[in-house]
Number of protein chains: 2
Amino acid sequence: MIPKPTDAELEILHVLWKYGSATVRAVNEEQNKRAGGDEIGYTTTLKFMQIMADKGLLTRDESQRSHVYSAAVREGDVQSAFVSKLLSSVFHGSAMNLVLQALGTSKPSTSELQQIRALLDEEINNNQR
Amino acid sequence: MIPKPTDAELEILHVLWKYGSATVRAVNEEQNKRAGGDEIGYTTTLKFMQIMADKGLLTRDESQRSHVYSAAVREGDVQSAFVSKLLSSVFHGSAMNLVLQALGTSKPSTSELQQIRALLDEEINNNQR
DNA sequence: AACTTTCTACGAACTGTTTCGTAATATTGT
DNA sequence: ACAATATTACGAAACAGTTCGTAGAAAGTT
């Protein structure tokens with residue numbers, strides 16, 4: 001089972017999922033480019049990436065002086081872990097309620113709704129067989 | 001904006017949503033009836049309910065010696081807050097991806113899928129107009 | 001009235017998360 | 001070679017969440 005990342009860890013994972021691999025410096029600069037509020041200190045980013053490597057969320061290549069990190073977990077797996085947690089802790093395990101809430105909360109466009117519908121049809125067909 | 005409840009607070013809210021209102025004693029007993037692992041101490045439940053009343057998550061009637069608490073937030077609003085947070089922190093704001101992940105993670109039955117599809121069709125029709 | 005039980009309030013310990021300062025070491029520029 | 005800069009590692013402070021022990025007041029029992 002993969003460890004569920006914290007908020008700060010998720011930010012770092014997003015950068016690494018986007019770029020594939022990166023140094024602490026590059027990740028920290030990307031974070032601060034996005035950041036609205038306070039700047040995130042370099043050593044803060046460093047510390048998290050070290051912790052995450054310990055936890056198994058990241059791998060790193062130490063052959064260069066500036067270590068190069070990569071995500072060790074897939075984005076889909078992390079999303080799945082969060083969805084499972086949310087389902088059990090907030091939705092009594094009902095995926096249907098979650099889906100309805102997601103649709104209600106975020107008003108997707110008609111074309112997105114149709115895409116979801118298409119996926120749903122496929123799913124139903126698979127079940128039938 | 002309603003404060004996002006923590007895990008322990010959520011457990012208490014579930015009990016109060018179910019029963020409408022309850023004393024600390026009743027909530028604590030319900031929690032321990034469900035609990036798999038360690039018992040939750042009475043004062044632990046009490047402390048949380050006091051904190052939650054301060055935060056505005058609960059209201060309480062102090063006219064009796066045993067104070068009677070009720071949820072001050074609707075379950076749907078709390079679900080919506082969690083979905084919003086999850087969307088922005090894990091799904092880049094894409095409700096569609098969240099829906100797909102929810103369907104993939106939890107394998108709903110065919111009849112549930114059909115219910116969701118019906119809702120979706122309604123939504124699409126509303127948009128068209 | 002004295003004893004026991006139940007309740008609230010408060011404080012404090014413990015854990016996990018976030019943040020950064022400082023020290024030690026390596027690299028680069030003059 | 002020396003100074004300036006960049007990088008890692010470590011430790012610790014600050015904050016939030018969770019858990020409970022103890023004290024004191026109120027109610028119930030004998």
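Letters go in sequence order (proteins before strands), and every chain restarts at 1.
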Practice task
Any pair with a residue in residues 92-123 of chain B that passes ring-ring contact (aromatic ring centres under 6.0 Å, His included), sequence neighbours left out, goes on the list, sorted by first then second residue, please.
Solution key: A:H14-B:H92
Fill in the blank from the handout: The salt bridge (Lys or Arg N to Asp or Glu O under 4.0 Å) partners of A:R25 (sequence neighbours excluded) come to none
Completion exercise
First and last nt of DNA chain D near chain A, cut-off under 4.0 Å to heavy atoms, 5' to 3', are D:dA6 to D:dA12
Exercise for the section: Would you mind building the protein contact string for nucleotides 11-18 of chain C? One character per nucleotide, 5' to 3', B for base within reach (heavy atoms under 4.0 Å), S for sugar-phosphate only, - for untouched. Expected result: BB----SS
Practice task
Taking salt bridge (Lys or Arg N to Asp or Glu O under 4.0 Å) as the test, write out the residues that go with A:K4, two or more places apart.
Solution key: none
Compile the donor-acceptor pairs under 3.5 Å between side chains in residues 93-101 of chain A and protein atoms, sequence neighbours left out, one pair per line.
unit_1 : atom_1 : unit_2 : atom_2 : d
A:S94  : OG     : A:N97  : N      : 3.1
A:S94  : OG     : A:N97  : OD1    : 3.1
A:Q101 : NE2    : B:Q79  : OE1    : 3.2

Practice task
Evaluate the side-chain contact (heavy atoms from CB on, under 4.5 Å) criterion for residues B:L13 and B:L58: first the C-alpha distance (whole Å), next the side-chain angles of each, then the deciding distance (0.1 Å), finally the verdict.
Solution key: CA-CA 8 Å; B:L13 282 171; B:L58 304 185; 3.8 Å; yes
Problem - Phosphate OP1/OP2 of C:dT8 contacted by B:Y42 side-chain N/O (<4.0 Å) - result: yes
Problem - Check ion pair B:K18-B:E30 (N to O, under 4.0 angstrom) - result: yes
Handout entry: For atom CD of B:Q50 and atom P of C:dC10, their distance in whole Å
Key = 8 Å
Completion exercise
So ring-ring contact (aromatic ring centres under 6.0 Å, His included) across residues 97-117 of chain A, not counting sequence neighbours, yields none
Handout entry: Neighbour count above 12 (heavy atom, 6.0 Å) for A:Q128 CD
Key = yes
Exercise for the section: For DNA chain D, determine which residues of residues 77-89 of chain B have any heavy atom closer than 4.0 angstrom to one of its atoms, and list them numerically. Expected result: none
Exercise for the section: Could you check if a side-chain atom of A:E123 sits within less than 4.5 angstrom of a side-chain atom of B:L103, using non-hydrogen atoms only? Expected result: no
Practice task
Report, as a single string ordered 5' to 3', how protein heavy atoms within less than 4.0 Å touch nucleotides 23-30 of chain C: B base, S sugar-phosphate only, - not at all.
Solution key: ---BS---
Completion exercise
In whole angstroms, the gap separating P of C:dC10 from CE of B:M49 amounts to 17 Å
Problem - Contact list for residues 79-92 of chain A, test salt bridge (Lys or Arg N to Asp or Glu O under 4.0 Å), sequence neighbours left out - result: A:K85-B:D7
Problem - Protein-nucleotide distance (A:Q31, atom CD; C:dC20, atom P), rounded to Å - result: 11 Å
Exercise for the section: Any pair with a residue in residues 46-56 of chain A that passes side-chain hydrogen bond (donor to acceptor under 3.5 Å, both in side chains), sequence neighbours left out, goes on the list, sorted by first then second residue, please. Expected result: A:E9-A:K55
Handout entry: Nearest-0.5 Å distance, CG of residue B:L113 to CG of residue A:N125
Key = 11.0 Å
Completion exercise
Here the ring-ring contact (aromatic ring centres under 6.0 Å, His included) pairs for residues 51-70 of chain A, sequence neighbours left out, are none
